[in-house]
Amino acid sequence: MAIEQTGGVAGETASPLSAVLPGGRIRRGTALSAGGDLPLLLALAAEAAADGAGWAAVGLPQLGVLAAADAGLELSAGLVVDAPGRAWMQVLAVLLETVPVVLVGRVGQAPDRVARRLASIMRRSGSVLLAADVWPGAEVQLRVQQACWEGVSDGHGLLRGRRATVISSGRGAAAAPRSVELWLPGPSGVVSTAVPPFSAEVADADPVDPQRPTLRVVG
């Protein structure tokens, strides 16, 4: 389990995201923001909803089912509200009372009193809110500083993964800036640590014989 449990540590295997999370875990009852990067948001969601925990997505019509499954989310445990309309604050309140992990997109600006009410609900229920963009009172604010896809060379090939530098800042234990280089997503769709570089992995696995003819698509 990737979320820190009250009075103990949840899980024994370090996550690739642990380097940018205070204590190496997502704490229950807190909010995090993903800086507008959907693959990062999905990676956080898969981390928080490990072991099949229930999750919900609000105001994220761009969320793809295949991408969510590849990231590690259990689709049968998910609930999607694409267009909550003006009632988005009430929808969030209800979901945070009952669902362990809630993802939220660009639904609107939450007034301070609403943000405080939602924070109170999260502390009481132990739920986690993962915002696609900036969220008032987020304990951890993450963003992708730079990213590039690898696998395509000289105009041909297959995309194998996106190498990204993720940085974090926040409040309290998360105040000190942190960074980590990740495959986000990696070849299998899930997040993984980008060491060694992907290009080196490919070169070691399948060295190219300069005398061997190569094939390419011409039409």
Side-chain angles (χ1 to χ4, degrees), residues 1-8 10-11 15 17 21-23 25-143 168 170-172 174 191:
M1 188 71 175
I3 302 179
E4 183 183 79
Q5 303 279 1
T6 302
S15 157
L17 290 165
L21 297 172
R25 297 288 189 272
I26 295 175
R27 296 196 311 116
R28 290 188 184 276
T30 62
L32 296 84
S33 64
D37 191 86
L38 186 57
L40 178 56
L41 180 68
L42 289 176
L44 290 168
E47 176 94 352
D51 300 334
W55 59 276
V58 179
L60 284 165
Q62 72 274 34
L63 179 65
V65 174
L66 291 179
D70 286 345
L73 284 172
E74 179 61 51
L75 297 183
S76 63
L79 170 67
V80 176
V81 183
D82 282 341
R86 295 182 179 180
W88 66 267
M89 290 176 282
Q90 292 87 340
V91 171
L92 277 183
V94 170
L95 291 175
L96 289 170
E97 286 275 15
T98 56
V99 181
V101 181
V102 178
L103 291 68
V104 60
R106 297 178 180 177
V107 289
Q109 182 65 39
D112 289 343
R113 61 180 179 79
V114 173
R116 289 195 297 270
R117 180 192 172 207
L118 295 177
S120 176
I121 293 174
M122 283 185 278
R123 288 193 297 269
R124 182 173 65 250
S125 66
S127 57
V128 171
L129 186 145
L130 303 174
D133 291 292
V134 176
W135 184 261
E139 180 184 62
V140 185
Q141 300 168 16
L142 300 104
R143 65 184 178 90
S168 70
R171 301 180 292 108
V191 60

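In this structure, the side chain of Ser33 does not engage the main chain of Trp135 through any donor-acceptor pair within 3.5 Å. Between the Arg171 side chain and the Gly137 main chain, a donor and an acceptor come within less than 3.5 Å of each other.
Rounding to the nearest 0.5 angstrom, the gap separating the CD atom in Gln90 from the CG atom in Leu95 is 11.5 Å. We find the CG-CG distance between Leu32 and Leu17 to be 10.0 Å, quoted to the nearest 0.5 Å. The structure places CZ of Arg124 at 10.0 Å from CG of Leu96, a figure rounded to the nearest 0.5 Å. Between the CD1 atom of Ile121 and the CG atom of Leu92 there is a distance of 9.0 Å, given to the nearest 0.5 Å.
Atom CZ of Arg106 sits in a sparse spot, with 12 or fewer heavy atoms from other residues, nucleotides or ligands closer than 6.0 Å.
Nearest approach of Gly54 to Pro100, heavy atoms of both residues: O-CD, 3.3 Å. The shortest heavy-atom contact between Ser127 and Ser125 is OG-OG, 3.0 Å. Of all heavy-atom pairs spanning Glu139 and Pro22, the tightest one is OE1-CG, 4.2 Å. The minimum heavy-atom distance linking Ala53 with Ala77 is given by the pair O-CB, 3.9 Å. Pairing each heavy atom of Gln109 with each of Pro111, the nearest pair is O-CD, 3.4 Å. In terms of heavy-atom proximity, Ala34 sits nearest to Leu44 at CB-CD1, 4.2 Å.
Looking at Val140 and Thr30, their side chains never come closer than 4.5 Å, going by heavy atoms from C-beta outward.
Across Asp82, Leu41, Leu42, a single residue satisfies side-chain contact (heavy atoms from CB on, under 4.5 Å) together with Leu63, and that is Leu42.
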